[in-house]
Amino acid sequence: MPEIPDKTAIQADAGRWKALIFIALAQLMVVLDATIVNIALPSAQQDLGISDGNRQWVITAYALAFGGLLLFGGRIADMWGRKRTFITGLIGFAAASALGGAATGEAMMLGARALQGAFGALLAPAALSLLAVTFTDAKERAKAFGIYGAIAGGGGAVGLILGGFLTEYLNWRWTFFVNIPFAVVAAVGAYLVVREPEGGRNRSALDIPGVILSTLGLVSLVYGFTRAESAGWSDAGTIGLFVGSAVLLLAFVLTESKVRSPLLPLRVLTDRNRGGVYLSLGLAVIAMFGLFLFLTYYLQVVKGYSPVKTGFAFLPMIAGMIVGSTQIGTRLMTRVPPRLLMAPGFLTAGVGMLLLTQLEIGTSYAGLILPAQLLLGLGMGTAFMPAMSLATLGVDPRDAGVASAMVNTSQQVGGAIGTALLNTIAASATTAYLTDHAAGATTPAAQKLLQLQGMVEGYAAAIWWAVGILALSATIAFVLINTGKPGTGQVVGSGAGADDEVKVPVVAH
């Protein structure tokens, strides 16, 4: 006689999948906020009287607070409880978004963006670590991380669509107000259905020197790349920020190796597979963020697309990411080792990027841009999904928050590097092209054409670098990540050594 499923087990399954909806919703809000404001920025700048010199701070204030406080946010989640941190982050993010939408001047807007970044730094690691400790069965974990990976990869493009729609048909303020219903629904849902396994908290005293050194070091690093984009790589301030960042982060590593209860236990970083994930993922994000920037400008400035049309032009990439994460990655994750998904995924994305090096002024969207985006989406979706899972696989439950924070940190730093580095390469190539061809442009029409051609040449040059970065990302994933395919049982968390092994309990909801 077949065994009748236990009622509690059925409820546990239902509870876990309901929890995933609200965790994914919160992650979508955080990821799309990184790009949704970009499209609204020109309108907001005009309304609030923000100078051209300070305009970048609307983006930078968010990036610095978010990137600088991620490790602290991850540690708070481990210490205070992931569910509590998650809900606090959601409420704070909604309040900061309301402040930004209601901004009456520059100071109020910049303060709201910094607050959004700070609460995002609480929210993002709490969301990923909740997922890591909630889904402990290998097959369930594959499905859950497939959905999460699609959102983490495609959320930026969703932000471009939503930002274009809200700015064009409503008002730039709605790019802030739209976060409030997201946050309220996710917070109420999380309060009702999210449950944490017992015994997963790290109640050790907070490592204050580690918090200060890591926050200042990451802020210096992210701001260094942001400043390099506007002031140049040889600027004394830019160099000073990079040197300061290196000193602070080195001091942070030395501190973590000596203190009793480190903010970031070095065992989280020195694990070969997790290190490979952080590095390859950070590099891939460099390529992706640069591409969002160039394609947005290419479609709007060169092709003359409206903000809404530009947003919808990114749909093939989102579709590819969803298919790559939820179909290819999820189906193969329990059958093949992660590196055989990540390396081919990054290479597939690299082929899509390679197609885009052929961009010209008259390039057909359907003939080149659409297939390139599909390949990019498929590749990134397939690679992101096992990367997100592997980054928290086998980690001690007490370290799940900081391990999750490291994933977000690698993405945030990668995004800052990608925007600054690839933008600088594009600008240099454009300048060189204009200098070489200026003599031939003698009429206003020819000069305008030359400007557009120069922009496209710059984008193509930067995209070649992105192709190389994705190839490097694939190589790192293939060489460093050597774990086998996941088993079909429960995930085992490991601490500093084999003796610390603990089973992650599955709690009935």
Side-chain angles (χ1 to χ4, degrees), residues 23-24 26-28 30-31 34 63 66-78 82 85-86 89 120-135 141 144-156 214 218 221-222 263-286 288-289 321 325 329 333 338 341-342 345-346 380-381 383-397 399-418 473 476-477 480-481 483 491 493:
I23 293 169
Q27 176 65 13
L28 176 62
V30 172
V31 175
F66 188 69
L69 293 169
L70 271 166
L71 285 177
F72 180 53
R75 179 66 179 83
I76 290 293
D78 286 337
R82 294 167 193 92
T85 306
F86 182 71
L122 274 183
L123 183 56
L128 183 54
S129 57
L130 271 175
L131 208 63
V133 298
T134 300
F135 291 91
R141 188 180 175 92
F145 275 89
I147 295 165
Y148 187 88
I151 289 168
S214 67
L218 287 170
L221 184 63
V222 173
L263 173 71
L264 176 63
L266 294 184
R267 60 180 175 268
V268 173
L269 283 181
T270 53
D271 178 90
R272 171 178 181 153
N273 291 291
R274 274 193 292 279
V277 167
Y278 298 147
L279 194 54
S280 61
L281 203 58
L283 285 168
V285 170
I286 290 176
M288 282 296 290
F289 265 68
M321 281 182 173
S325 269
M333 186 175 151
L341 284 174
M342 288 179 65
F346 289 137
M380 285 297 194
F384 266 49
M385 185 260 166
M388 291 289 180
S389 177
L390 188 57
T392 52
L393 186 70
V395 77
D396 190 308
D399 297 334
V402 287
S404 302
M406 274 304 299
V407 178
N408 289 287
T409 301
S410 66
Q411 288 180 297
Q412 187 64 26
V413 172
I417 295 170
S473 198
I476 288 169
L480 280 186
I481 297 170
T483 187
V491 175

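Here the structure is a predicted model, which is why all the values come from computation and not from measurement.
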Which atoms form the tightest heavy-atom contact between [X] and [Y], and what is the distance?
X	Y	answer
Pro125	Gly120	CD-O, 4.2 Å
Val277	Leu390	CG2-CD2, 3.6 Å
Pro338	Pro386	CB-CB, 4.4 Å
Ser280	Met342	OG-CE, 3.4 Å
Arg82	Asp78	NH2-OD1, 3.0 Å

[atom1]/[X] to [atom2]/[Y] distance, rounded to the nearest 0.5 angstrom?
X	Y	atom1	atom2	result
Ile481	Leu279	CD1	CG	9.5 Å
Tyr278	Leu283	OH	CG	15.0 Å
Asp271	Leu266	CG	CG	12.5 Å
Leu123	Leu70	CG	CG	10.5 Å
Leu122	Ile76	CG	CD1	7.0 Å

Inset, instruction - Taking side chain to side chain contact (heavy atoms under 4.5 Å, CB included) as the test, write out the residues that go with Ala284, two or more places apart. - result: Phe346, Met380, Leu470, Ser473
Legend entry - Side chains of Val407 and Leu128 in contact at under 4.5 Å (non-hydrogen atoms): yes
Legend entry - Any side-chain heavy-atom pair of Val285 and Phe384 under 4.5 Å: yes
Legend entry - Main-chain N/O of Leu480 paired to Arg272 side chain as donor or acceptor, under 3.5 Å: yes
Inset, instruction - Decide side-chain contact (heavy atoms from CB on, under 4.5 Å) for Ser214 and Leu263; before the verdict, give the C-alpha distance in whole Å, the side-chain angles of both, and the deciding distance to 0.1 Å. - result: CA-CA 9 Å; Ser214 67; Leu263 173 71; 3.4 Å; yes
